[in-house]
Each structure stands twice: as structure tokens, then as C-alpha cells.
K.L.:
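Below are the C-alpha cells for one structure; questions will follow.
Every chain is numbered from 1, with letters handed out A, B, ... down the list of sequences.
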2 protein chains.
Amino acid sequence: MSSRNESIIERLCIDHGLKMTGQRRVIAKVLSEAEDHPDVEELYRRASSLDRRISIATVYRTVRLLEEKGILERRNFGGNRARYEASEPEDHRHYHIIDIDTGHVVEFEDAAHRDMIRDIAEKLGFDLVSHRLELFGRRIPASGRKKQSGETI
Amino acid sequence: MSSRNESIIERLCIDHGLKMTGQRRVIAKVLSEAEDHPDVEELYRRASSLDRRISIATVYRTVRLLEEKGILERRNFGGNRARYEASEPEDHRHYHIIDIDTGHVVEFEDAAHRDMIRDIAEKLGFDLVSHRLELFGRRIPASGRKKQSGETI
DNA sequence: CTACTTGCAAATCCTTTGCAACGTT
DNA sequence: AACGTTGCAAAGGATTTGCAAGTAG
């Protein structure tokens, strides 16, 4: 093995031929461990707590770079700030529904939806390259509803 | 009739109890006549050409107000600027597919899609309040494809 | 060694806002 | 007359960038 404790995203950076600086390694680790959808400010906070020598400009530069490489996905859940999360393999991409009362985000996958929009695009004469879907809703206070999994901010 | 040549959006403003200033009347007219998805800069340009006494601050204030009233919809097609278009009645809402090579926008309606996401939200325990869907694609150079209608920027 | 990366602060882009003057109801 | 609206310029928030110094490959 190369170096120990290499994060998933660090691995991807290396595979993409990126120079691995200390800062990038820390940011890659933070991103790899994130289970939510942090914005740059939050990434900066988490990275700073691991290594104080990181500037927010570097965080901006890094998420931008990783997004261009397809390693990260940028999301917009309604606020003004962009949120980030690791890309998933084509067949595991997920969507988000945002609770408009709390801001909480629930992820879901839906292959049928994916097929539907591919067909829609095709009927319109397009090859679908990418798409965005966000749902905004309000929790139904269903008496016996199971606790929702995959809920984050 | 009240006053002549009242634009659709001016009518809506009045119905919502908004004070109709000269500036608002002009902006309402520009919005009513727009067949595309102008950003604030473009609305300002069009309004200015009708009446030089309009500031861009007023355009910003007006689109914001009309969006809050539900008269306008704000869109985001990938650039940094917000785009606007008149709201449509619930049962005629449409989506957009953006040609990633040219930036051109094609609108489409799809009731089946609407039903699908309502069901998805419900399964997740949510009442669907609103949603966003944008498709990004590349024109299929289909030999005999009919000229696409509803194509704007 | 060379080319890429960083920190810092200044700059940029889009949008909002304070304030005094003005216009609509 | 009362209160909402406007123009102007300044303020704001998020993100980018110029530059000199630092560092990975």
C-alpha cells in the first residue's frame, strides 16, 4: 500500500493526477467523512479544526476543482450558499427532499424517475446529460410513521 | 373597463393590491410580453428602453415583490443570475430543458412527472409543497426532426 | 527545478438597503 | 395626508483572484 489512512476522496484526487498538498488531504478527509451536505463555510470549519493552516480561499479553490473533476457534486437547497457532497456512481445517484419547516434533507433514489426524464428528454430531441431535481415538502405528522433514515442537514 | 392597455401582469398586481407606479407598470408590461426567461439585467434593459426613469434597484425590488406574491417564478438555469418568468396556473406549470451547447431553453409540460414526484414525496412522509426540475442535454442531430417549438433563451 | 498551490487581502458579481425625495391611493 | 415607492450610492454576502512565497512531483 502507498500511505496509510488515505481517504476515499484523496484516492480519487490522486487518480485524477492532482497534487496532494497537506491542505487538500485534510479537505479530502473532511469531505470523505461528511454524511451531510456542508457548505464551504462548514467545510472550512471542519478542516480548520484538523489543521489550522487552511484558508477559506483554499477550500473554495478545492471544492471547485473537485467539482470540475466530477469528484464532488454541488447542490443548492434554497439558501444562497452552495452545498457539496461526494459524487456517487451513475447507478446510485440520489435526490433530495428538503423539509421546508426545518431545513432537514432526506435523500432518496428512484430509478423509475431517472428513466422517466431520460425518456422525456429524448422525446424533446435531447440526449440527457444531467439534471437537477429537488423536492420541498412538509412532514406529514403520520401517527405511526417509521423514523426516517438518511436524514441530515 | 378600467384603463386601456393594461398588461396581464399589471392586472395581477392590482388584484394583489399593489400600488401601480409608472415604473411598475413598465416592468409589468415587459414581463407580460417576455417570451423567454430574462434576468434582472435584461429586464432592466427592456424597461429602460421604454422609460428611462427606471433604476435597476427598482427592477430588483419589483421582481422580488412579484415573486413573493406568486406572480413571477424565479428560475436558475446554471448561470449565477436568477431568471424570471410569469407564473402559470397550477395545472399548466412547465419544466425546462437547457441545451448545454447553446444555452437555449425548451419548455415542456408533463403531468405524469408531476404525479410521480407527488407520490415519491408521499412515500417519504412529506406533503409536496414545491419542487425544482431542470434537465440539461445536448441536441440529437436527428436527421428528420421537426423544428422544435417553444425554444427561447 | 518547475509548475502548481497557498494565504492574504483586494476585487468581483449579484443583490439588497438606508435615506431623503416623490407619487399613489 | 399617510404610507408605500424610487433613485442613488453605499453595503452585503458569496465567491474569485493577483501576487509573492511555499511545496509537490
K.L.:
Nearest whole Å is fine: how far is dT6(D) C1' from Tyr44(B) OH?
P.N.:
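Atom-to-atom, Tyr44(B) to dT6(D), this comes out as 13 Å.
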K.L.:
What is the distance, to the nearest angstrom, from the CG atom on Asn76(A) to the C1' atom on dT15(D)?
P.N.:
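Taking CG of Asn76(A) and C1' of dT15(D), I get 14 Å after rounding.
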K.L.:
Provide, to the nearest angstrom, the distance between the CG atom belonging to Asp39(A) and the C1' atom belonging to dA14(D).
P.N.:
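Those two atoms, CG and C1', are 10 Å apart.
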K.L.:
Given Gln23(B), which partner from the list Thr58(B), Thr62(B), Val59(B) fulfils the side chain to side chain contact (heavy atoms under 4.5 Å, CB included) test?
P.N.:
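Only match with Gln23(B) under side chain to side chain contact (heavy atoms under 4.5 Å, CB included): Thr58(B).
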K.L.:
Restricting to salt bridge (charged side-chain N to carboxylate O under 4.0 Å, His left out), what partner residues turn up for Glu67(A), sequence neighbours left out?
P.N.:
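Checked Glu67(A) against salt bridge (charged side-chain N to carboxylate O under 4.0 Å, His left out); matches are Arg74(A).
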K.L.:
Given Glu6(B), which of Arg25(B), Arg11(B), Arg24(B) fulfils the salt bridge (Lys or Arg N to Asp or Glu O under 4.0 Å) condition?
P.N.:
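With Glu6(B) as partner, Arg25(B), Arg11(B), Arg24(B) yield a single salt bridge (Lys or Arg N to Asp or Glu O under 4.0 Å), made by Arg11(B).
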K.L.:
To the nearest Å, how far apart are Lys69(A) NZ and dC4(C) P?
P.N.:
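These atoms are roughly 11 Å apart.
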K.L.:
Regarding His37(A) and Glu107(A), do their side chains bring together a donor and an acceptor under 3.5 Å, going by distance alone?
P.N.:
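Yes, a side-chain donor-acceptor pair sits under 3.5 Å.
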K.L.:
Using whole Å, what does the distance between atom C1' of nucleotide dG7(D) and atom CG of Asp51(B) come to?
P.N.:
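The answer, rounded to whole Å, is 13 Å.
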K.L.:
Would you kindly give the CZ-to-C1' distance between Arg83(B) and dT15(C), to the nearest whole Å?
P.N.:
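Atom CZ in Arg83(B) sits about 17 Å away from atom C1' in dT15(C).
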K.L.:
Could you state the CE-P distance from Met20(A) to dA3(C), rounded to the nearest angstrom?
P.N.:
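Interatomic distance, CE of Met20(A) to P of dA3(C): 22 Å.
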K.L.:
If only side-chain N and O atoms of Tyr60(A) are considered, is one of them under 4.0 Å from the OP1 or OP2 phosphate oxygen of dT16(D)?
P.N.:
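It does not, given that no N or O in the side chain of Tyr60(A) lies less than 4.0 Å from OP1 or OP2 of dT16(D).
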K.L.:
Would you mind reading off the distance between Arg64(B) atom CZ and dT15(C) atom P, rounded to a whole angstrom?
P.N.:
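The answer, rounded to whole Å, is 11 Å.
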K.L.:
Is there any protein nitrogen or oxygen under 3.5 Å from a nitrogen or oxygen in nucleotides 5-9 of chain C, and what are the pairs?
P.N.:
residue	atom	partner	partner atom	Å
dT5(C)	OP1	Arg24(A)	NH1	2.8
dT5(C)	OP1	Arg24(A)	NH2	2.9
dT5(C)	O5'	Arg24(A)	NH2	3.4
dT6(C)	OP1	Thr21(A)	OG1	2.9
dT6(C)	O3'	Gln23(A)	NE2	2.8
dG7(C)	OP1	Gln23(A)	NE2	3.1
dG7(C)	OP1	Arg53(A)	O	2.1
dG7(C)	OP1	Ser55(A)	N	3.4
dG7(C)	OP2	Ser55(A)	N	3.1
dG7(C)	OP2	Ser55(A)	OG	2.8
dG7(C)	OP2	Thr58(A)	OG1	2.2
dG7(C)	N7	Arg61(A)	NH2	2.6
dG7(C)	O6	Arg61(A)	NH2	3.3

K.L.:
Ignoring hydrogens and angles, state whether a donor on the side chain of Asn76(A) or Arg132(B) is under 3.5 Å from an acceptor on the partner side chain.
P.N.:
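There is such a pair (donor and acceptor under 3.5 Å, judged by atom type) between the side chains of Asn76(A) and Arg132(B).
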K.L.:
Are His96(B) and His94(B), when compared by the centres of their aromatic rings, separated by less than 6.0 Å?
P.N.:
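Under 6.0 Å, so yes.
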